[in-house]
Student: 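There's a structure below that I have some questions on.
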Amino acid sequence: MNIRNKIKTANIPFGPYAAVLAGATVNGKPNYAAIGAYGVVSQKPVLYISLKNTHCTTAGVQETGYFSVNIPTSDLVSKTDYCGLVTGKDTDKSGVFTSFYDEAGNAPMIEECSVNYLCKVIQTIPVFDFTMFLGEIVSAYAREDCIENGWPNGEKADPVILMGTGYFCLYRKIGTVFQSGKEYVSNRE
Ligand SMILES: Cc1cc2nc3c(=O)[nH]c(=O)nc-3n(C[C@H](O)[C@H](O)[C@H](O)COP(=O)(O)O)c2cc1C
């Protein structure tokens with residue numbers, strides 16, 4: 001069928017999504033994976049993340065029953081991409097960020113991120129080769145300099161937006177998926 005002003009494209013979601021870091025304790029250490037599959041599911045404080053079954057982070061969430069969602073500011077794009085380029089199975093990612101914890105649950109959160117949610121798994125849904133974890137928020141934090149009148153300020157929270165193969169901040173493109181993390185590696189060497 002022909003529709004005016006439209007061209008049929010591949011059945012692959014383009015976005016936009018927020019690029020966030022899912023955190024879990026794996027073998028007693030913090031581990032983080034970059035994810036785009038994250039969101040709100042109801043007006044109740046419940047978030048979902050969707051993780052490939054073979055990821056290290058997935059095993060950590062299954063084992064502990066907790067995960068964290070950490071919202072990186074745009075200056076953290078290389079470190080965020082790096083956490084999507086390498087797996088905790090063969091690379092220790094525990095030193096990429098500074099981790100902190102809350103007594104409400106065993107998942108690491110990232111000090112450098114503007115906003116952090118600690119979630120307790122309340123439902124697990126298999127989706128093809130992924131697992132969708134629904135998590136009730138049991139604790140939330142925001143970086144002091146991102147708060148205004150007791151609530152995170154959007155401009156200051158400065159999230160990373162994912163569209164296609166690009167990372168964008170709210171105003172411009174700031175990086176390339178599976179490339180920006182390499183800059184983190186070469187800057188470190
Ligand atoms: C921008 C970006 C978004 C990603 N989104 C997801 C996602 O939504 N779910 C997922 O399972 N993996 C996603 N990945 C891939 C994982 O981050 C990657 O495979 C990572 O190495 C897994 O790490 P782990 O094995 O230490 O858990 C994404 C990667 C990037 C760079």
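Numbering of ligands and ligand atoms starts at 1, following listing order.
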Student: Return yes if a side-chain donor-acceptor contact under 3.5 Å exists between Asp158 and Thr73, otherwise no.
Tutor: no
Student: Please give me the minimum heavy-atom distance between Ser94 and Asp92, naming the atom from each residue.
Tutor: OG-OD1, 2.6 Å
Student: Can you name the closest pair of heavy atoms from Ile122 and Glu136 and give their distance?
Tutor: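 So the minimum-distance heavy-atom pair works out to CG2-CB, 4.0 Å.
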Student: Mind checking whether Lys89 has an N or O less than 3.5 Å away from an N or O of ligand 1?
Tutor: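 Between Lys89 and ligand 1 (N or O atoms, distance only) the closest approach is not under 3.5 Å.
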Student: Is Leu85 in polar range of ligand 1, meaning some N or O pair under 3.5 Å apart?
Tutor: no
Student: Identify the closest protein heavy atom to atom 25 (O) of ligand 1: which residue and atom is it, and at what distance?
Tutor: Thr87 OG1, 2.6 Å
Student: Centre of Tyr82's six-membered ring, under 6.0 Å away, within 45 degrees of the axis: is that where NZ or CZ of Lys93 sits?
Tutor: no
Student: Has ligand 1 got any nitrogen or oxygen that is less than 3.5 angstrom from a nitrogen or oxygen of Asp81?
Tutor: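 Checking ligand 1 against Asp81, no N or O pair falls under 3.5 Å apart.
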Student: Taking N or O atoms only and a 3.5 Å limit, does Val177 qualify as a polar contact for ligand 1?
Tutor: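 Not met; the criterion fails.
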Student: Looking at Asp145 and Lys156, is any side-chain nitrogen of the basic one under 4.0 Å from a carboxylate oxygen of the acidic one?
Tutor: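 No.
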Student: Measure the distance from atom 11 (O) of ligand 1 to every protein heavy atom, then report the residue, atom name and distance (to 0.1 Å) of the closest one.
Tutor: Lys52 N, 2.8 Å
Student: Would you say Lys93 and ligand 1 have an N/O pair spaced under 3.5 Å apart?
Tutor: yes
Student: Is the closest heavy atom of Tyr17 to ligand 1 under 4.0 Å?
Tutor: no
Student: Check this for me - ligand 1, Ala19, N or O atoms closer than 3.5 angstrom, yes or no?
Tutor: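 Not met; the criterion fails.
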Student: Which is closest to atom 20 (C) of ligand 1 in terms of heavy atoms, Ala34, Cys83, Ala22?
Tutor: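 Residue with the shortest heavy-atom distance to the ligand atom: Cys83.
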Student: Should you measure from each heavy atom of Ala37, which atoms of ligand 1 turn up under 4.0 Å away?
Tutor: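 Atoms satisfying the 4.0 Å criterion: 8 (O).
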Student: Any atom of ligand 1 sitting under 4.0 Å from a heavy atom of Ser50?
Tutor: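 Yes, that is the case, since the closest heavy atom of the residue is under 4.0 Å from the ligand.
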Student: Indicate if Val26 and Tyr32 have the same hydrophobic cluster label, given that clusters are the connected sets of ILVMFWY residues with side-chain heavy-atom separations under 4.5 angstrom.
Tutor: no
Student: Do you know the tightest heavy-atom contact between Thr54 and Lys89?
Tutor: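 That closest heavy-atom pairing would be O-NZ, 2.6 Å.
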Student: Under 4.0 Å from ligand 1, counting heavy atoms only, is it the side chain of Tyr167, its backbone, both or neither?
Tutor: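 Within the 4.0 Å criterion, Tyr167 contacts ligand 1 through side-chain atoms alone.
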Student: Answer with yes or no whether the hydrophobic clustering places Leu21 together with Val86; edges join I, L, V, M, F, W, Y residues whose side-chain heavy atoms lie under 4.5 Å apart.
Tutor: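 Hydrophobic grouping puts Leu21 with Val86.
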Student: Pick one of side chain, backbone, both or neither for how Leu162 approaches ligand 1, counting any non-hydrogen atom pair under 4.0 Å.
Tutor: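 The answer is the side chain of Leu162.
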Student: Got the closest protein heavy atom to atom 18 (C) of ligand 1, with its distance?
Tutor: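 Scanning the protein heavy atoms, the shortest distance from atom 18 (C) of ligand 1 goes to Gly84 O, 3.2 Å.
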Student: Backbone or side chain, does any N or O of Cys56 fall under 3.5 Å from an N or O of ligand 1?
Tutor: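 Yes - when backbone and side-chain N and O of Cys56 are compared with those of ligand 1, one distance drops under 3.5 Å.
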Student: So which bit of Thr54 gets within less than 4.0 Å of ligand 1, heavy atoms only: side chain, backbone, both or neither?
Tutor: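 Under 4.0 Å from ligand 1, Thr54 contributes no heavy atoms.
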Student: For the residue pair Asn53 / Asp129, report whether a side-chain donor-acceptor contact shorter than 3.5 Å exists.
Tutor: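 Not at all, the side chains of Asp129 and Asn53 share no donor-acceptor pair under 3.5 Å.
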Student: Just so I know, are the side chains of Leu162 and Tyr167 near enough to count as touching, which here means a heavy-atom distance under 4.5 Å?
Tutor: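 Yes, at least one pair of side-chain atoms sits under 4.5 Å.
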Student: Tell me which protein heavy atom sits closest to atom 10 (C) of ligand 1, plus the residue, atom name and distance to 0.1 Å.
Tutor: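 Nearest protein contact, heavy atoms only, for atom 10 (C) of ligand 1 is His55 NE2, 3.4 Å.
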Student: Is Phe130 in contact with ligand 1, taking contact as a heavy-atom separation below 4.0 Å?
Tutor: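 Per 4.0 Å heavy-atom rule, Phe130 contacts ligand 1.
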Student: Give a yes-or-no answer on whether the side chains of Glu111 and Ser99 include a donor-acceptor pair shorter than 3.5 Å.
Tutor: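 Side chains of Glu111 and Ser99: no pair found under 3.5 Å.
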Student: Would a line drawn from the ring center of Phe100 to the ring center of Tyr141 be shorter than 6.0 Å?
Tutor: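 Yes, the ring of Phe100 comes within the 6.0 Å limit of the ring of Tyr141, centre to centre.
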